[in-house]
Amino acid sequence: ATGTGYVWDTQYGWVDTGTGGLSPADATKLLQPIAHPFAHPDTKRRLHELISASGLLKHLEPIEAGLASEEDILRVHDRAHFDRIVAESAWPKGGDAGDGHSPFGKGGHQIAMLAAGGAIAAARAVVEGSVKNAYALVNPPGHHAERDRGMGFCIFNNAAIAASYAREVLGVQKVAIVDWDVHHGNGAERIFWKRSDVLNVSVHQENCFPAYSGPVTSRGEGEGFGYSVNIPLPPGGGNAVYEYAFRTVVIPALRAFQPDLIIAASGYDASMMDPLARMMVRSDGYENIAQQMLDVADEVCGGRLVLVQEGGYSPYYVPFCGLKVVERMAGVSTGFDDAYFPIVSTKGGDVLLDHEKAAVDAAAPLVSDIR
Ligand SMILES: Cc1nn(C)c(C)c1/N=N/c1ccc(/C=C/C(=O)NO)cc1
Ligand SMILES: [Zn+2]
């Protein structure tokens, strides 16, 4: 198949993230209400609008999100979690995903079901071959959501739900989930912790969020031992360490696993301008890892690659990072540059530092336990 599928739904721009940055406004703590909380949906709406205004949208195959079914959600999440989200979604001001810092508005369960449905629709289009690869620009994100609870702005684990749908409904045998959001992909890791037919690889800033989650020693259990790969990176890493981590660990892990489908939890919060982490990746750094993923997908699974949007909190920079990634997926150049490149290009991250190389080299031997 050729063509790049694209999922966006207007309601992804309607996620109500409340009045606080991470903590809701609280006069007793002098926490003021804020117009653009960290997880405000405008950041992802701006990425969609840049994809549209740049002309790239015309080169993409639109894929309808549709609501995931209860059955789709329950392949990954407990009934109790699902029922609580639906119940709190009926409250006048909505509820919380599960950590007290992840609010959603009234009717928010519907948008979360659309996000999971968008990831499913993208995976289905790729597996059925109506497109070669696909970008699911979904919201709210999902990679922190575990079976029994949401956290870190995540309600349902969109990528894990798509992976389970591909395996149990579409008959895909081996799925790899590669998470380059800057925060640890704890959700899919826990969900597939004991499985060896889903490989989970997470590249993240060490100890950023969840706290103390995703050390290199966290490798899975039983049948699943070796099929959770964690590459924690020291703060301050930029293009160089991400290029090195993908070239020397992530891509070899995918070659060893030989998946039938690759799903990427694609967040842009490792960027030079993100408020919720301390990495320094630029748009050209994201282009590089995207190209490495496209090449290995061509090599091992006929190019079957689905990117599912996760985090990314800079309304300035997420649009340009995402634009460059989707351009690479579609093999199209819009002719528009990263408008922030003059600002971010002189700030470093281009040289692999010894302690960064050491952190990646610590994870390299993990690949030998993948078959
Ligand atoms: C502070 C604090 N205090 N407490 C108790 C909690 C639960 C706190 N949450 N911190 C957070 C929550 C979410 C993120 C990023 C999520 C993301 O982008 N994932 O991809 C970062 C920090
Ligand atoms: Zn993140």
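Counting starts at 1 for both ligands and their atoms, following the listed order. All values below were derived from every heavy atom in this structure, side-chain atoms included, with hydrogens, water molecules and symmetry-related copies excluded.
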Short check: any N/O/S atom of His183 below 2.8 Å from the Zn ion (ligand 2)? yes

What salt bridge (charged side-chain N to carboxylate O under 4.0 Å, His left out) pairs are there with at least one residue in residues 252-274, not counting sequence neighbours? Arg255-Glu299

Determine all donor-acceptor pairs shorter than 3.5 Å in which one atom belongs to a side chain in residues 315-322; sequence neighbours excluded.
{"from": "Tyr317", "atom 1": "OH", "to": "Ser283", "atom 2": "N", "distance (Å)": "2.9"}
{"from": "Tyr317", "atom 1": "OH", "to": "Asp338", "atom 2": "OD2", "distance (Å)": "2.5"}

Applying a strict under-4.5 Å side-chain criterion to I, L, V, M, F, W and Y, I'd like to know whether Val198 and Val367 cluster together. yes

With ring centroids as reference points, do Phe153 and Tyr313 lie under 6.0 angstrom apart? yes

Under the criterion side-chain hydrogen bond (donor to acceptor under 3.5 Å, both in side chains), I'd like the reasoning laid out for Asn139 against Gln309: C-alpha separation, chi angles, the key distance, then a yes or no. CA-CA 7 Å; Asn139 196 36; Gln309 183 66 44; over 6 Å; no

When you measure from the Zn ion (ligand 2) to each N, O or S atom of Asp181, which atom gives the shortest distance? OD1

Provide, line by line, the atom pairs where ligand 1 and the protein bring an N/O atom each to a distance under 3.5 Å; else say none.
{"from": "ligand 1", "atom 1": "4 (N)", "to": "His101", "atom 2": "NE2", "distance (Å)": "3.3"}
{"from": "ligand 1", "atom 1": "18 (O)", "to": "His183", "atom 2": "ND1", "distance (Å)": "3.1"}
{"from": "ligand 1", "atom 1": "18 (O)", "to": "Asp269", "atom 2": "OD2", "distance (Å)": "3.1"}
{"from": "ligand 1", "atom 1": "18 (O)", "to": "Tyr313", "atom 2": "OH", "distance (Å)": "2.6"}
{"from": "ligand 1", "atom 1": "19 (N)", "to": "His143", "atom 2": "NE2", "distance (Å)": "3.3"}
{"from": "ligand 1", "atom 1": "19 (N)", "to": "His144", "atom 2": "NE2", "distance (Å)": "2.6"}
{"from": "ligand 1", "atom 1": "19 (N)", "to": "His183", "atom 2": "ND1", "distance (Å)": "3.3"}
{"from": "ligand 1", "atom 1": "20 (O)", "to": "His143", "atom 2": "NE2", "distance (Å)": "2.5"}
{"from": "ligand 1", "atom 1": "20 (O)", "to": "His144", "atom 2": "NE2", "distance (Å)": "3.3"}
{"from": "ligand 1", "atom 1": "20 (O)", "to": "Asp181", "atom 2": "OD1", "distance (Å)": "2.9"}
{"from": "ligand 1", "atom 1": "20 (O)", "to": "Asp181", "atom 2": "OD2", "distance (Å)": "3.0"}
{"from": "ligand 1", "atom 1": "20 (O)", "to": "His183", "atom 2": "ND1", "distance (Å)": "3.4"}

With Arg167, the side chain to side chain contact (heavy atoms under 4.5 Å, CB included) member among Lys174, Arg75, Arg195: Arg195

With a cut-off of 2.8 Å, does Asp269 place any N/O/S atom under that distance from the Zn ion (ligand 2)? yes

With sequence neighbours excluded, residues passing side-chain hydrogen bond (donor to acceptor under 3.5 Å, both in side chains) with Glu287: Arg328

